[in-house]
Amino acid sequence: MTKSGQGEATPEYLTHREVAALLRTSENALHVAYTKRKPHLPPRHKFGRRLLYKRVEVEACIKPLPQ
């Protein structure tokens, strides 16, 4: 785990539910978007049977692109 500036522990990897909340969408909508292979979604990493997302990759997909 990594530490944030306020001293709180933040996980390096997020679950499907946490990513859906961070992206302000439902878990089902996130699943459907991956099923349709939307290019703007962060990559998933498989650990055993679990799919997890790197926090930095999720945050990078949220940031607006420079114009």
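Fair warning: this is a prediction, and the values are worked out from it, not measured in the lab.
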Review point. Between atom CZ of R24 and atom CD1 of I62, what is the distance when rounded to the nearest 0.5 Å?
Key: 10.0 Å

Review point. Ignoring hydrogens and geometry, is there a side-chain-to-backbone donor-acceptor pair from H16 to L51 under 3.5 Å?
Key: no

Check your understanding: Could you go step by step and tell me if Y13 and K54 meet the side chain to side chain contact (heavy atoms under 4.5 Å, CB included) rule?
Key -> CA-CA 5 Å; Y13 288 92; K54 278 190 176 180; 3.2 Å; yes

Practice item. Check the pair L52, T15 against side chain to side chain contact (heavy atoms under 4.5 Å, CB included), reporting the backbone distance first and the verdict last. Key: CA-CA 5 Å; L52 298 175; T15 64; 4.1 Å; yes

Exercise for review: Locate the shortest heavy-atom distance separating L30 from Y53; write the atom from each residue and the value.
Suggested key: CD2-OH, 4.3 Å

Point to revise | Crowding at CZ, R44 (>12 non-hydrogen neighbours, <6.0 Å) | key: yes

Practice item. Enter the distance from H45:NE2 to L14:CG here, rounded to the nearest 0.5 Å. Key: 10.5 Å

Check your understanding: Same cluster for Y34 and V19 if Ile/Leu/Val/Met/Phe/Trp/Tyr side chains link at under 4.5 Å?
Key -> yes

Practice item. Identify the heavy atoms of P11 and R55 that sit nearest to each other, and give their distance. Key: O-NE, 3.1 Å

